[in-house]
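Written out below as structure tokens is the structure these notes cover.
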Amino acid sequence: MNAQPADRERDVRGRVVRWRDQLIAYGWLVLIWILLWGDFSVGNLLGGLLVGGAVLVFFPLPPVTFGGRLRPGALLVFAVRFAGELVRASLHVAWIAVRPGFRPRGAIIAVRLRVRTDLNLALTAEVISLVPGTLIIEVDRDSAILYVHVFDVRGPQDLTGSRDRILAVEQRLVRAVGSPAELRLVQSDPVPKGDRS
């Protein structure tokens, strides 16, 4: 008898969370619509409401749950390291671009992430794609594998280094916003010491 009210309460809480997430997504879609038009008017607002509603009805996205917690210190470490990687990679790509006669070689590597949630896959793939010289080619959602094109590969050590950097990004992301279980998972399978934050 006690299990039924608890189940009902869990169902109601789940529905409330889903509706809240849908409203947040709806708000973002409307805002993006207005920003794309570059003008806030009643017509653009109504158009955004209409288009945002149609997108959510006809193209429903799978639910992305956030079971982690925000850790401000780890988030600051992530931001500083990301900014450093961005500058370093930008300088590296710029140097290659101005070297006369140099032809860099690229490669595609498969990197299996340790945390298999959709949110972790999306965040890690987004961060990796923002760094010059790396590009996500494909994501295997079921196996949590990112296929990444890396730039200026001279040997196997560069492939290993690229893989370790991607896993280090995942580890820093999980430290910043992951759940305790996800944090234990990345800590039990660490990346090499040189890439730790």
Side-chain angles (χ1 to χ4, degrees), residues 13-72 74-94 96-97 106 108-109 111 113 115-151 162 165-166 168-170 172-179 182:
R13 215 173 319 133
R15 272 186 255 131
V16 168
V17 167
R18 278 193 298 277
W19 277 103
R20 181 201 65 199
D21 292 346
Q22 289 288 326
L23 282 174
I24 291 171
Y26 189 48
W28 278 108
L29 287 171
V30 172
L31 178 65
I32 289 169
W33 179 264
I34 292 170
L35 291 174
L36 286 173
W37 282 99
D39 179 38
F40 182 78
S41 66
V42 174
N44 281 341
L45 177 63
L46 292 175
L49 291 170
L50 183 66
V51 169
V55 166
L56 291 175
V57 168
F58 296 115
F59 305 104
L61 297 172
V64 176
T65 57
F66 178 67
R69 55 181 258 218
L70 187 63
R71 297 175 188 86
L75 189 60
L76 180 63
V77 168
F78 170 79
V80 169
R81 289 290 301 264
F82 175 69
E85 286 181 10
L86 206 57
V87 170
R88 181 189 58 77
S90 297
L91 292 173
H92 181 77
V93 170
I96 289 172
I108 298 175
I109 59 173
V111 181
L113 299 183
V115 177
R116 294 179 172 224
T117 64
D118 288 342
L119 184 61
N120 183 58
L121 279 168
L123 288 176
T124 305
E126 188 65 36
V127 169
I128 297 303
S129 289
L130 290 173
V131 176
T134 56
L135 180 68
I136 300 296
I137 302 296
E138 186 177 343
V139 176
D140 184 346
R141 184 177 171 204
D142 296 330
S143 302
I145 296 176
L146 298 179
Y147 294 93
V148 185
H149 180 271
V150 291
F151 189 61
S162 295
R165 278 192 299 279
I166 292 166
V169 166
E170 179 197 25
R172 288 193 296 273
L173 274 169
V174 170
R175 283 183 180 169
V177 297
S179 70
E182 293 168 347

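Keep in mind the model is a prediction, meaning the values are calculated, not measured.
Annotation for R175 and A74: closest pair O-CB, 3.3 Å, computed over non-hydrogen atoms. Of all heavy-atom pairs between A125 and L146, the closest is CB-CD2, 4.1 Å.
If you take CG on L75 and CG on L173, they are separated by 9.0 Å, rounding to the nearest 0.5 Å. A distance of 5.0 Å separates CZ in F40 from CD1 in I34, rounded to the nearest 0.5 Å. The CG atom of L121 sits 5.5 Å away from atom CG of L113, with the distance rounded to the nearest 0.5 Å. Between R81 atom CZ and L86 atom CG the span is 13.5 Å, to the nearest 0.5 Å. Note that the CD1 atom of I128 and the CG atom of L135 stand 11.0 Å from one another [nearest 0.5 Å]. In this structure, L31 CG and L36 CG are separated by 9.5 Å, a value rounded to the nearest 0.5 Å.
Residues passing the side-chain contact (heavy atoms from CB on, under 4.5 Å) test with V87 are L91, sequence neighbours excluded. For V80, the side-chain contact (heavy atoms from CB on, under 4.5 Å) partners two or more places apart in sequence, or in a different chain, are L76. Residues passing the side-chain contact (heavy atoms from CB on, under 4.5 Å) test with L49 are Y26, V30, L45, L46, sequence neighbours excluded. Listed by chain and number, the residues in a side-chain contact (heavy atoms from CB on, under 4.5 Å) with L50 amount to none (sequence neighbours excluded). A search for side-chain hydrogen bond (donor to acceptor under 3.5 Å, both in side chains) contacts involving T134 returns nothing, not counting sequence neighbours.
Residues W33 and L29 fail the side-chain proximity criterion, which asks for heavy atoms closer than 4.5 Å. Annotation: side chain of T117 is in contact with side chain of E182 (closest heavy-atom distance under 4.5 Å). Taking the side chain as every heavy atom from C-beta outward, V177 and F78 never approach each other to under 4.5 Å. Here the side chains of V169 and V131 are not in contact, with every heavy-atom distance at 4.5 Å or above.
When atom types are taken as modelled, the side chain of R71 and the backbone of G178 share a donor-acceptor pair closer than 3.5 angstrom. Judged by distance alone, the side chain of N44 and the main-chain N or O of D39 form a donor-acceptor pair under 3.5 Å. The main-chain N or O of T124 is never found under 3.5 Å from a side-chain atom of E170 such that the two would form a donor-acceptor pair.
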| task | In sequence, state the C-alpha distance, the side-chain angles, and the governing distance for S162 and V148, and then conclude on side chain to side chain contact (heavy atoms under 4.5 Å, CB included). | result | CA-CA 9 Å; S162 295; V148 185; over 6 Å; no

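Identified under the side-chain hydrogen bond (donor to acceptor under 3.5 Å, both in side chains) test for residues 84-93, with sequence neighbours left out: E85-R172, H92-D152.
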